[in-house]
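Here's the structure, in structure tokens; my notes come after.
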Amino acid sequence: MTISAFPPGAVLVLGAFLLPFVGARIRAALVLGLPLATLWLVWDLPNGASAAIRMLDFELVVVRSDSLSRLFAIIFSLMAFAGGLFALRQKSVLELLAAMIYAGSAVGVALAGDLITLFIFWEIMALASSTVLIAAGGERSMRVAMRYLTVHVVGGSLLMSGILLHLTADGSIGLSAVDTGTIGGKLILAGVLLNAAAPPFSAWLPDAYPEASFSGAVFLSAFTTKAAVYVLIRSFPGTEMLVWIGLFMIFYGIIYALLENDMRRILAYSIVNQVGFMVVGVGIGTQMALNGAAAHAFAHIIYKALLLMSAGAVLYQTGKRKCTDLGGLFQSMPITTVCGIVGALSISSFPWTSGFVSKSMISQAAGDEHLMLVWLLLLAASAGVFLHAGIKFPWFVFFQKDSGLRPPDPPWNMRLAMIFFAALCIGLGIWPEFLYALLPYPVTYVPYTTAHVVNMLQLLMFSGLAFFLMLPLMRRTLTVTLDVDWFYRRLAPRALRAVAAATHRTDGALRDALAALTSLGASVLARSHGPSGTMARSWSIGAMVLLVVALLGLVLVYGYG
Amino acid sequence: MSEFETQHWLVRSQTVRRLWVGFTLVLTLLVLADMFIHPHANFGIDGTFGFYAWFGLLACMAMVLFAKMLGVALKRPDTFYDD
């Protein structure tokens with residue numbers, strides 16, 4: 001049916017511009033109210049598309065709603081609400097403004113009915129998220145934001161070129177399955193995968209997100225990568241290459257997180273890891289797998305935001321972010337600790353948490369398709385998630401050695417946001433039917449069989465055993481681990497500097513040579529034209545008269561010749 | 001006050017020992033539970049006794065060791081990019 005062409009995300013995008021002009025109380029009301037208004041609009045949206053709007057020869061379908069787009073629009077609005085609640089004490093109005101626009105444009109992407117509308121919201125997301133980074137303040141944030149924006153401008157260009165080629169070849173801008181056999185399709189896929197933090201461009205995510213403010217990172221964790229997952233589900237289901245790209249992301253995330261010392265960078269790597277699970281699901285491409293990918297995106301946004309909230313709470317209260325500086329915080333921050341653990345269990349897909357009912361669907365899909373290698377790798381990865389995010393994060397932040405820090409739990413709004421999302425993690429784990437009802441395809445999957453619960457508990461508990469057995473090998477060090485971003489943070493600047501130095505040298509040598517040549521010419525000229533040169537000598541009157549006569553003679557000959 | 005009293009009960013060595021005992025018990029019970037469940041194996045190997053237990057343990061150890069090896073080549077001081 002035809003629905004209104006007013007995009008629900010516009011409530012957030014436009015409403016955000018009121019924030020700088022109102023007082024603190026109304027601002028708080030807006031930060032909580034705008035997401036709720038959007039959620040209400042999205043929730044009530046019937047299936048259908050808005051009437052096409054003509055713009056520059058294109059028929060734009062600004063709003064198109066079905067179960068898949070609604071699932072993503074719902075979780076994006078919900079996330080904006082909880083993030084807003086967590087960020088109420090954020091002093092930077094710029095961050096709140098950017099975060100609300102960011103969330104609104106993500107809702108816009110989820111409900112876009114054509115590629116051009118999608119692209120417009122996509123680019124607003126890139127600008128708004130960069131602004132969230134800038135709002136953290138300081139030169140370091142500015143540099144990070146510029147690196148982040150540069151990568152996303154490249155991604156946006158890939159996407160735009162792909163859309164234009166697709167349009168020329170196909171004649172349609174409709175948002176549906178895209179053929180990866182064409183160059184246009186390949187470019188669109190590349191642009192989307194870049195936003196999903198797929199290799200070789202995974203490094204932008206752990207480079208940027210941990211540099212945001214205590215609340216900025218919570219917003220950043222949710223939208224960009226999951227909007228990319230949405231487009232993958234919509235346009236590239238069953239693209240086999242995605243299975244292997246996803247598996248790479250999964251193990252990349254685990255290995256790098258294991259080596260990491262910064263608590264929020266551990267969580268950033270684990271975003272890449274979790275998005276990898278979703279990308280594998282899209283690659284498998286069966287109804288079960290796509291359901292799994294969508295459900296996992298929904299569950300992931302909640303528990304990842306929860307984990308980053310608990311890390312943000314620690315940062316807010318202590319100002320510290322390195323595992324080597326933290327530890328023993330459970331004694332004075334019990335609520336943060338418990339909420340962090342709930343998030344950690346959910347990401348590890350521990351039974352009775354949301355991760356269990358969503359990730360299991362992806363594994364099950366691999367099993368159903370008899371993809372043994374994929375299935376075994378996913379299983380190993382599930383163990384690895386427990387290792388790097390499920391235990392490592394809470395252990396090094398809240399337990400391990402006592403750092404002597406005794407900060408209290410954060411203010412009430414941050415506690416409330418964490419408790420809300422922790423309750424959702426457990427609620428969805430116990431009553432998965434609420435999540436399953438939102439999925440694009442009918443669900444017949446039953447997550448809670450005795451065998452499955454026992455199997456997963458075995459896997460996770462023995463992963464835990466491995467962690468504590470190998471604890472001496474996991475000692476935190478004051479290090480970063482080199483990644484692909486080394487190429488543009490180190491190699492490229494150094495290469496440019498070398499080129500600049502070489503240019504400078506060549507330029508200098510050429511100028512010197514030119515100067516030498518000029519002075520040589522000058523000395524030659526000086527011999528004839530200098531003060532004592534032939535031309536500068538004073539002439540006698542006789543010689544002058546002779547010259548004038550000769551000239552007149554010449555004119556005469558010329559005139560009558 | 002003695003050191004015993006100033007320490008949080010959760011970090012006292014006695015508690016830690018008890019936690020290890022409890023943990024070992026849970027691990028044992030979980031493996032034994034394999035005898036009473038009827039797994040729906042997809043591939044055969046996943047239906048063998050205690051598969052998820054040893055697979056999880058070995059997979060994690062392999063990943064930690066691999067990370068450690070990679071770290072030797074790729075780790076740098078965390079001030080690496082600060083100049």
Side-chain angles (χ1 to χ4, degrees), chain A residues 140 207 251 254-259 261-262 322 328 330-331 364 366-368 370 372 375-377 379-384 386-388 399 402 449-470 473-474 477-483 485-486 489-490, chain B residues 6-11 16 19-20 22-47 49-83:
Chain A
R140 190 183 166 99
D207 175 29
F251 286 98
I254 295 172
I255 301 295
Y256 271 76
L258 282 175
L259 291 169
N261 185 34
D262 182 312
K322 292 175 186 173
F330 78 97
Q331 304 192 31
Q364 185 64 42
D368 290 347
H370 303 290
M372 179 161 166
W375 185 84
L376 281 175
L377 288 172
L379 195 65
S382 299
F386 194 46
L387 197 64
H388 82 273
F399 299 97
D402 190 359
T449 62
T450 318
H452 188 209
V453 171
V454 169
N455 290 342
M456 278 317 284
L457 284 176
Q458 274 185 10
L459 186 81
L460 296 177
M461 287 299 169
F462 276 85
S463 308
L465 178 65
F467 178 86
F468 287 107
L469 287 180
M470 306 194 85
L473 284 179
M474 316 262 290
T477 50
L478 286 164
T479 52
V480 291
T481 312
L482 295 187
D483 200 333
D485 60 347
W486 178 81
R489 294 176 72 180
R490 261 303 152 90
Chain B
T6 56
Q7 272 190 323
H8 191 278
W9 63 269
L10 198 58
V11 293
V16 172
L19 282 174
W20 268 108
F23 189 42
T24 316
L25 197 70
V26 169
L27 292 178
T28 321
L29 286 177
L30 277 173
V31 175
L32 290 180
D34 251 15
M35 290 195 282
F36 305 101
I37 59 171
H38 308 286
H40 309 283
N42 287 306
F43 305 106
I45 187 176
D46 49 326
F49 183 75
F51 167 76
Y52 288 83
W54 66 258
F55 187 80
L57 185 70
L58 292 185
C60 284
M61 292 179 132
M63 280 183 273
V64 171
L65 291 176
F66 181 78
K68 199 78 188 160
M69 266 161 34
L70 197 73
V72 173
L74 293 181
K75 269 190 176 189
R76 295 288 181 280
D78 60 3
T79 51
F80 183 73
Y81 286 119
D82 285 355
D83 53 12

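By convention in this document, chain letters (A, B, ...) are assigned in the order of the sequence lines, proteins followed by strands, and residues within each chain are numbered from 1.
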(message) Check whether Asp34(B) reaches the backbone of Gly50(B) with its side chain - one donor and one acceptor, N or O, closer than 3.5 Å.
(response) yes
(request) Could you have a look at Phe399(A), Trp375(A), Phe251(A), Phe468(A) and say which one has the most heavy-atom pairs with chain B under 4.5 angstrom? (result) Trp375(A)
(message) If we define contacts as heavy-atom pairs under 4.5 Å, which of Ala53(B), Ala67(B), Ala59(B) has the most with chain A?
(response) Ala53(B)
(request) Check each atom of Ile254(A) against the heavy atoms of chain B and say whether the ones under 4.5 Å are side chain, backbone, both or neither. (result) side chain
(request) Please report the closest heavy-atom contact between Gly328(A) and Asp402(A), naming both atoms and the distance. (result) CA-OD1, 4.0 Å
(message) For the residue pair Arg140(A) and Tyr81(B), would you count it as a cation-pi contact if the rule is NZ or CZ under 6.0 angstrom from the ring centre and within 45 degrees of the ring axis?
(response) no
(request) Under 4.5 Å heavy-atom distance to chain B, tell me which part of Leu473(A) shows up: side chain, backbone, both or neither. (result) both
(message) The test is side-chain contact (heavy atoms from CB on, under 4.5 Å); show your working for Asn455(A) and Phe55(B) and say whether it passes.
(response) CA-CA 11 Å; Asn455(A) 290 342; Phe55(B) 187 80; over 6 Å; no
(request) Please determine, among Thr24(B), Leu57(B), Leu58(B), Leu70(B), the option with the most heavy-atom pairs under 4.5 Å with chain A. (result) Leu57(B)
(request) Examine whether an atom of Phe386(A) lies under 4.5 Å from a heavy atom of chain B, and if so say whether it belongs to the side chain, the backbone or both; otherwise answer neither. (result) neither
(request) For the residue pair Ile255(A) and Thr481(A), establish whether any side-chain heavy-atom pair is separated by less than 4.5 Å. (result) no
(message) Could you check whether any side-chain heavy atom of Thr479(A) comes within less than 4.5 Å of a side-chain heavy atom of Asn261(A), counting everything from C-beta outward?
(response) no
(request) Please look at Phe467(A) and chain B and tell me whether the side chain, the backbone, both or neither of the residue comes under 4.5 angstrom of a heavy atom of that chain. (result) neither
(request) Using non-hydrogen atoms and a 4.5 Å limit, figure out which bit of Phe23(B) sits close to chain A: side chain, backbone, both or neither. (result) side chain
(request) Below 4.5 Å from any heavy atom of chain B, which atoms of Asp485(A) appear? Answer side chain, backbone, both or neither. (result) both
(request) Please report the closest heavy-atom contact between Ser463(A) and Ala383(A), naming both atoms and the distance. (result) OG-CB, 3.2 Å
(request) Could you grab the distance from atom NZ of Lys68(B) to atom CG of Leu259(A), nearest 0.5 Å is fine? (result) 8.0 Å
(message) Tell me the closest heavy-atom pair linking Leu258(A) and Met63(B), and the distance in Å.
(response) CD1-O, 4.0 Å
(message) At a 4.5 Å cut-off on heavy atoms, which part of Trp486(A) comes close to chain B: side chain, backbone, both, or neither?
(response) both
(message) Just so I understand: if I count every heavy-atom pair under 4.5 Å between each of Met470(A), Gln364(A), Met474(A) and chain B, which residue has the most?
(response) Met470(A)
(request) Return yes when atom CZ of Phe49(B) has more than 12 non-hydrogen atoms of other residues, nucleotides or ligands closer than 6.0 Å, and no otherwise. (result) yes
(message) As an exercise: rank His388(A), Met461(A), Arg489(A) by heavy-atom pairs under 4.5 Å with chain B and give me the winner.
(response) Arg489(A)
(message) Let's test your reading of the structure: which of Val454(A), Leu387(A), Leu478(A) forms the most heavy-atom pairs below 4.5 Å with chain B?
(response) Leu478(A)
(message) Heavy-atom cut-off 4.5 Å, strictly under: side chain, backbone, both or neither for Leu460(A) against chain B?
(response) neither
(message) I'd like to verify something: which residue of Phe66(B), Phe51(B), Tyr52(B), Phe36(B) has the highest number of heavy-atom pairs under 4.5 Å with chain A?
(response) Tyr52(B)
(message) Counting heavy-atom pairs closer than 4.5 Å to chain B, which one of Leu376(A), Leu482(A), Asp368(A) comes out on top?
(response) Leu482(A)
(request) Please state whether the side chain, the backbone, both or neither of Trp20(B) comes within less than 4.5 Å of a heavy atom of chain A. (result) side chain
(request) Find out whether Lys322(A) and Asp78(B) are in side-chain contact, i.e. whether some heavy atom of one side chain is under 4.5 Å from a heavy atom of the other. (result) yes
(request) Select, from Asp483(A), Leu465(A), Thr477(A), the one with the greatest count of heavy-atom pairs under 4.5 Å involving chain B. (result) Leu465(A)
